[in-house]
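Side-chain atoms are counted along with the backbone in the values below, which use heavy atoms only and exclude waters and symmetry mates. If you read the sequence from its start, that first residue is 1, and numbering goes on from there.
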Amino acid sequence: MTVYAFDGFEVDAAQFELRDNGVPVPMEPQVFRILLFLIEARDRLVTRDDLFETIWKGRIVSDTALSSRIKSVRKALGDDGANQRYVRTMRGEGFRFVGQIEQSSPVPAPVEPVKTTVSTVMSRPLVGVFPFSCDHEEAEYLVDGLADTLIAELAAWRWFPVLSRHASFAMGRAGGDLLQQARVLNVRYAVCGSISSKGGKARLAIDLLDVPSGETLLTELFEDDLASLLAVQSEIAARILHLIAPEVEGAERRRIVRAPPSDLSAWDLTLKALWALNRPSPDTLAHALQDIESSISLDPGSAMPWSLKAQAYFEMGLNGWLVGNVTMARGCFNEMLDAARNSIDLDPRGWMGHSLASAGELFAAGAYVPARRHADEALRLNPSAGMAHHFSGCIVGFGGDPAEAIAIQELVYSVDPSYRHATVIEADLGLWRFLLGDYEQALAHLDTSLGHNPANQRALQRRVAVRSSLGDVAGARADAAMLAKVGATPTREQVRASYPFQDSAHGDKLVEALFANAFAD
């Protein structure tokens, strides 16, 4: 990849970063993409249609949105519409970059192995963000959204592990002593807060607690209208990080959840969808998708709604997968992959887009190499994401390394003891243990999986194979009868088609054990 230098600025395509005399300049991903496109096409006029097609992928957006993005490009470069030192407007025609470029190819920095990066982060003290209290019931989704974005901000620094919102919110909403709850979760630093509103104004109070001592390390107050408080999560995160990890380098200060887009109604819809996705059910998923599609229509250049769309289709596809509706599941995984790719196009440094794309590439496209690439990038961007550990382990296991898959997936519980898809994790751990010949431990994992969800047909399939391998023919046949009762008796062809093993010996082992005693296939 190339670095374009001019007047002390560097546009680094590989790092997706604009630097001013070596200092990173904050910039929305879409604004950076416009700047990079203008530089790469500097030998010609770039029309508005060129920008709409390249940046917005042909989606319909207003001229006002484009003008706003061009203004942001100029602002980042210290330029304006009057001087037009770098970006010149050809009225009625388009734009052209007119700065004097010195093009260079950077020396690639050594890339630390993902395993090393993750293990380093996971060895540091755990940080937990607990749900904020609010005296305004109708604003609950906004309050949760603020906590969610703060969790993502903290995780984006990749300096310490951050407890998942599922674990901290489940414990926090149960009531009781917050410090005691944090100690149960092995949290070292706890972030909590409250919002109160009066006369159209809101006050946000944030506390940072040292859990072992119970000491309050930091208290900050912010006052504004409720919606405007959503824009301060970066400032809050920076103040907290100043206390927890003062040695963090500026290069680590890359955000995962960006500041709210210019269209606040689109951001409002996005937060409502996020709130619904954290409470998944057929009804809430349907409502979430409606809000996501509306948000994308209002602001198609924002990456977050596309990630949430991918997540919604993953949730629906997973439900179909677990109950044996393979056709429905594959359709959802295809939609998930398309949405995740759009998210990555808009924000190449978004961990959620890469994580969901990794699962989509494996289960929808059967493409192991890009699946592994996206999985590694997701973990590198956010070692605290339970979903990233889940998908990465799945891909590594199907790639032929079940021992490494176990090591990766077991880390899910370090950041998310109450991981929502524990039934899937346990079923996967059971599969990897089975492939390694550790049948007793495999059976324990599969029992746990079915304890979480007795309707998990893939866990039942694997338990049939494990029990057959242990010589428990009666148990294997009992599980087979349970599958038959719900019309889910597998065939060899179905099993081979739905398990994307890269090592054919692993597929053979599962099929032979599965059909050894329990089925007449």
Side-chain angles (χ1 to χ4, degrees), residues 120-137 139-197 202-223 229-230 232-248 257 275 278-279 382-386 389 410-420 422:
T120 300
V121 172
M122 298 302 289
S123 69
R124 293 170 178 157
L126 185 65
V127 179
V129 178
F130 290 82
F132 298 164
S133 62
C134 179
D135 66 356
H136 187 33
E137 185 175 341
E140 183 182 356
Y141 75 93
L142 287 173
V143 177
D144 281 5
L146 178 58
D148 279 323
T149 51
L150 181 53
I151 289 170
E153 287 282 351
L154 292 169
W157 286 60
R158 305 191 298 282
W159 193 251
F160 36 64
V162 181
L163 188 69
S164 80
R165 64 101 60 200
H166 304 295
S168 59
F169 275 42
M171 185 72 82
R173 290 245 160 86
D177 186 336
L178 185 145
L179 283 172
Q180 183 57 37
Q181 294 168 351
R183 289 171 186 139
V184 169
L185 293 168
N186 199 33
V187 169
R188 172 61 188 275
Y189 299 102
V191 182
C192 56
S194 63
I195 289 183
S196 57
S197 56
R203 170 179 284 195
L204 169 64
I206 295 288
D207 291 322
L208 172 64
L209 309 178
D210 180 83
V211 174
S213 69
E215 179 185 359
T216 299
L217 300 177
L218 171 72
T219 296
E220 291 289 346
L221 295 175
F222 301 85
E223 290 188 332
L229 289 175
L230 293 170
V232 303
Q233 71 266 18
S234 296
E235 182 181 351
I236 296 168
R239 294 188 192 186
I240 293 169
L241 289 161
H242 178 72
L243 287 172
I244 300 175
E247 66 269 38
V248 169
V257 175
W275 190 76
N278 284 318
R279 298 159 174 77
N382 187 356
S384 294
H389 288 285
E410 284 182 339
L411 286 174
V412 170
Y413 297 121
S414 298
V415 292
D416 193 349
S418 56
Y419 186 59
R420 180 190 303 155

Undergrad: Between Val412 and His389, what is the shortest heavy-atom contact and its length?
TA: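 Closest approach of Val412 to His389: CG2-CB, 3.5 Å.
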Undergrad: Any heavy-atom pair between the side chains of Ser164 and Ile151 that's under 4.5 Å?
TA: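 SC-SC contact between Ile151 and Ser164 ruled out.
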Undergrad: Would you please name every residue forming a side chain to side chain contact (heavy atoms under 4.5 Å, CB included) with Ser194, sequence neighbours left out?
TA: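 Once residues adjacent in sequence are excluded, the partners of Ser194 under the side chain to side chain contact (heavy atoms under 4.5 Å, CB included) criterion are Ser133, Ala205.
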Undergrad: Would you list the pairs meeting salt bridge (Lys or Arg N to Asp or Glu O under 4.0 Å) in which at least one residue belongs to residues 208-219, sequence neighbours left out?
TA: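 Of all non-adjacent pairs touching residues 208-219, those that pass salt bridge (Lys or Arg N to Asp or Glu O under 4.0 Å) are Arg188-Asp210.
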Undergrad: Please find the pair of heavy atoms, one from Leu163 and one from Ser168, that lie closest to each other, and give the distance.
TA: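 Closest approach of Leu163 to Ser168: CD2-CB, 3.8 Å.
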Undergrad: Which atoms form the tightest heavy-atom contact between Thr216 and Asp207, and what is the distance?
TA: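 So the minimum-distance heavy-atom pair works out to CG2-OD1, 4.3 Å.
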Undergrad: Quick one: OG on Ser414 to CG on Leu185, what's the gap to the nearest 0.5 Å?
TA: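 Reported value, rounded in 0.5 Å steps: 12.0 Å.
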Undergrad: Counting N and O atoms only, with roles assigned by atom type, does the side chain of His166 sit under 3.5 Å from a partner on the main chain of Pro417, one being a donor and the other an acceptor?
TA: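 Checked: no pair found.
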Undergrad: How close do Phe169 and Val129 get, counting heavy atoms only, and between which atoms?
TA: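 Where Phe169 meets Val129 most closely, the heavy atoms are CE1-O, 3.9 Å.
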Undergrad: Heavy atoms only: give me the nearest Ala190-Phe130 pair and the separation to one decimal.
TA: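 Shortest heavy-atom contact: CB-CE1, 3.8 Å.
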Undergrad: For Val187 and Gly128, which heavy atoms make the closest approach, and how far apart are they?
TA: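 Taking Val187 first and Gly128 second, the nearest heavy atoms are CG1-N, 3.6 Å.
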